[in-house]
Participant: 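First the structure, then my questions, so here it is.
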2 protein chains.
Amino acid sequence: MANTKNKLSASLEDYLEAIFNLASDSDIARSKDIAETLSVSKASVTGALRALKDKELVNYKPYGFVTLTKAGKTTAAKIVRKHNVLKSFLADILGIETRIAQQAACKAEHTLGPEVITKLLRFIDFVTKENRNGYNLTGKFKKFCEKK
Amino acid sequence: MANTKNKLSASLEDYLEAIFNLASDSDIARSKDIAETLSVSKASVTGALRALKDKELVNYKPYGFVTLTKAGKTTAAKIVRKHNVLKSFLADILGIETRIAQQAACKAEHTLGPEVITKLLRFIDFVTKENRNGYNLTGKFKKFCEKK
DNA sequence: TTGAAAAGTTAGGCTGAACTAACTATATTA
DNA sequence: TAATATAGTTAGTTCAGCCTAACTTTTCAA
């Protein structure tokens with residue numbers, strides 16, 4: 001019963017996401033890299049790892065490697081999915097510059113609930129379908145933005 | 001030179017927005033009402049008012065009325081505009097239930113920058129125009145969501 | 001016009017999230 | 001393999017935001 005609470009703070013979500021991304025190739029994440037990714041001190045990372053371990057989302061021992069638990073992977077994947085849906089909407093449909101879309105997704109991903117993300121994903125699918133069916137929505141919107 | 005910093009925290013933005021809305025009819029906002037609106041203690045409101053006064057966004061004296069300064073009005077109006085654009089997108093285009101759209105807008109309004117809001121507004125205009133021109137995008141999306 | 005209720009403030013405490021500085025453990029390489 | 005560089009931890013601090021409890025000020029009605 002180590003798990004203190006189920007809801008993650010925006011900050012802890014960021015850590016989890018960073019670990020997920022860092023571990024995507026090597027399977028493990030190093031403290032130092034997490035710190036660099038999030039522009040945070042190593043001491044802050046240690047603190048976050050303890051909190052995440054407490055919630056049973058990471059396997060962590062002082063001076064040891066960090067890996068995600070099963071639950072950690074699931075949670076992280078959800079966050080990453082949110083991020084990608086958002087970014088895709090902002091960049092591909094609204095036509096916002098990649099870098100800005102990326103940044104915006106990073107922040108908003110913590111605030112938007114499942115209803116919004118689901119609908120957004122559905123909307124992306126819809127637009128894709130419309131584009132395929134000859135009604136070039138994205139193109140039209142782009143034109144609309146350019147004039148005036 | 002009371003202004004300590006220019007960037008507002010999400011929390012202070014919430015206070016400013018609440019004051020703006022409360023003052024929209026009576027021109028003044030009472031501490032108690034701010035507290036109720038934000039579900040926060042009266043003591044927290046006092047703290048926030050001091051911070052906002054420090055940034056020269058509200059006129060505030062202990063035990064006195066609260067009004068927005070010129071700068072406060074401008075800033076608050078921006079926040080409210082963000083909120084409305086977001087809510088309109090979520091509710092009118094994505095078809096998300098009003099209450100949920102409202103809540104989501106409350107949170108996301110603090111994280112999205114001007115580029116996103118501008119584009120979103122443009123997108124709403126675009127969809128409105130398309131709807132008027134006979135291509136019922138919103139309706140089509142609604143249908144698309146229903147089937148499957 | 002005064003005294004009780006309502007509104008607001010102050011004091012003090014808690015938590016989360018960050019920091020620095022100093023320490024410890026691990027890894028590397030001469 | 002020992003010394004040094006790198007990585008990670010611990011201790012202690014700060015700050016924002018919130019809280020409660022106790023106090024002060026203002027308002028209003030008998």
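Letters A, B, ... mirror the listed sequences (proteins, then strands); counts begin at 1.
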Participant: Any base atoms under 4.0 Å from A/Ser11, or only sugar-phosphate, or nothing? Heavy atoms, all strands.
Facilitator: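 Touches sugar-phosphate only.
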Participant: Are the side chain of A/Thr69 and the backbone N or O of A/Asn59 linked by a donor-acceptor pair below 3.5 Å?
Facilitator: no
Participant: Does the ring centre of A/Phe89 sit less than 6.0 Å away from the ring centre of B/Phe89?
Facilitator: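 Centroid distance B/Phe89-A/Phe89: below 6.0 Å, so yes.
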Participant: Are B/Lys42 and C/dG8 close enough that a side-chain N or O sits under 4.0 Å from OP1 or OP2?
Facilitator: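 No, no such contact exists.
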Participant: Would you confirm whether B/Asn84, through its side chain, and B/Val80, through its main-chain N or O, come within 3.5 Å as a donor-acceptor pair?
Facilitator: yes
Participant: What nucleotide, of C/dC19, D/dT9, D/dG8, holds the atom closest to the side chain of A/Arg30?
Facilitator: D/dG8
Participant: Taking A/Ile124's backbone N and O only, do any of them form a donor-acceptor pair with A/Thr128's side chain (distance below 3.5 Å, no angle check)?
Facilitator: yes
Participant: DNA chain C: A/Ala10 or A/Ala43, which has the more 5' nearest nucleotide?
Facilitator: A/Ala10
Participant: A/Phe123 vs A/Phe126 aromatic rings, parallel, tilted or perpendicular, using cut-offs 30° and 60°?
Facilitator: tilted
Participant: Rounding to an integer number of Å, can you tell me how far A/Leu8 CG sits from C/dA17 C1'?
Facilitator: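 From A/Leu8 CG to C/dA17 C1': 14 Å.
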Participant: Indicate, with a heavy-atom threshold strictly under 4.0 Å, whether A/Ser31 touches base, sugar-phosphate, or nothing.
Facilitator: sugar-phosphate
Participant: Please report, rounded to the nearest Å, how far the C1' atom of C/dT26 is from the CD1 atom of A/Ile28.
Facilitator: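 Going from CD1 in A/Ile28 over to C1' in C/dT26 covers 14 Å.
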Participant: Would you kindly compare A/Ser39 and A/Tyr63 by the position of their nearest DNA chain C nucleotide and give the one closer to the 5′ end?
Facilitator: A/Ser39
Participant: Nearest-Å distance, CD1 (A/Ile34) to C1' (D/dT6)?
Facilitator: 16 Å
Participant: Can you tell me which nucleotide in D/dG8, D/dT10, C/dA18 comes closest to the side chain of A/Arg50?
Facilitator: D/dT10
Participant: For B/Phe65, which contact category applies under a 4.0 Å heavy-atom criterion: base, sugar-phosphate, or nothing?
Facilitator: nothing
Participant: So what does B/Ala51 touch, heavy atoms closer than 4.0 Å: a base, only the sugar-phosphate, or nothing?
Facilitator: nothing
Participant: Quickly work out the A/Tyr60 OH to C/dA25 P distance and round it to whole Å.
Facilitator: 13 Å
Participant: What nucleotide, of C/dA17, D/dT20, C/dC19, holds the atom closest to the side chain of B/Ser41?
Facilitator: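 So the side chain of B/Ser41 is nearest to D/dT20.
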Participant: Just N and O in the side chain of A/Ser44: are any of them under 4.0 Å from OP1 or OP2 of C/dA17?
Facilitator: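 Checking A/Ser44 against C/dA17: no side-chain N or O falls below 4.0 Å of OP1 or OP2.
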Participant: Rounded to the nearest 0.5 Å, what separates atom CG in B/Asp14 from atom SG in B/Cys106?
Facilitator: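 It is 7.0 Å, given to the nearest 0.5 Å.
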Participant: What is the separation between atom NZ on A/Lys32 and atom C1' on D/dT9, rounded to the nearest whole Å?
Facilitator: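 Going from NZ in A/Lys32 over to C1' in D/dT9 covers 17 Å.
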Participant: Between C/dA18 and A/Tyr15, is there an OP1 or OP2 to side-chain N/O distance shorter than 4.0 Å?
Facilitator: yes
Participant: Under 4.0 Å between a side-chain N or O of A/Thr46 and OP1 or OP2 of D/dT9?
Facilitator: yes
Participant: For the pair made of NZ in A/Lys7 and C1' in C/dG16, what is the distance, rounded to whole Å?
Facilitator: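 Between C1' of C/dG16 and NZ of A/Lys7: 15 Å.
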Participant: Using atom CG of A/Asp54 as one end and atom P of C/dA17 as the other, report the distance to the nearest whole Å.
Facilitator: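 Those two atoms, CG and P, are 13 Å apart.
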Participant: Using a 4.0 Å heavy-atom cut-off across all strands, classify B/Val40 as base, sugar-phosphate, or nothing.
Facilitator: sugar-phosphate
Participant: Round to a whole Å and report the spacing from CD of B/Glu13 to P of D/dA16.
Facilitator: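 Rounded to the whole Å, the gap is 16 Å.
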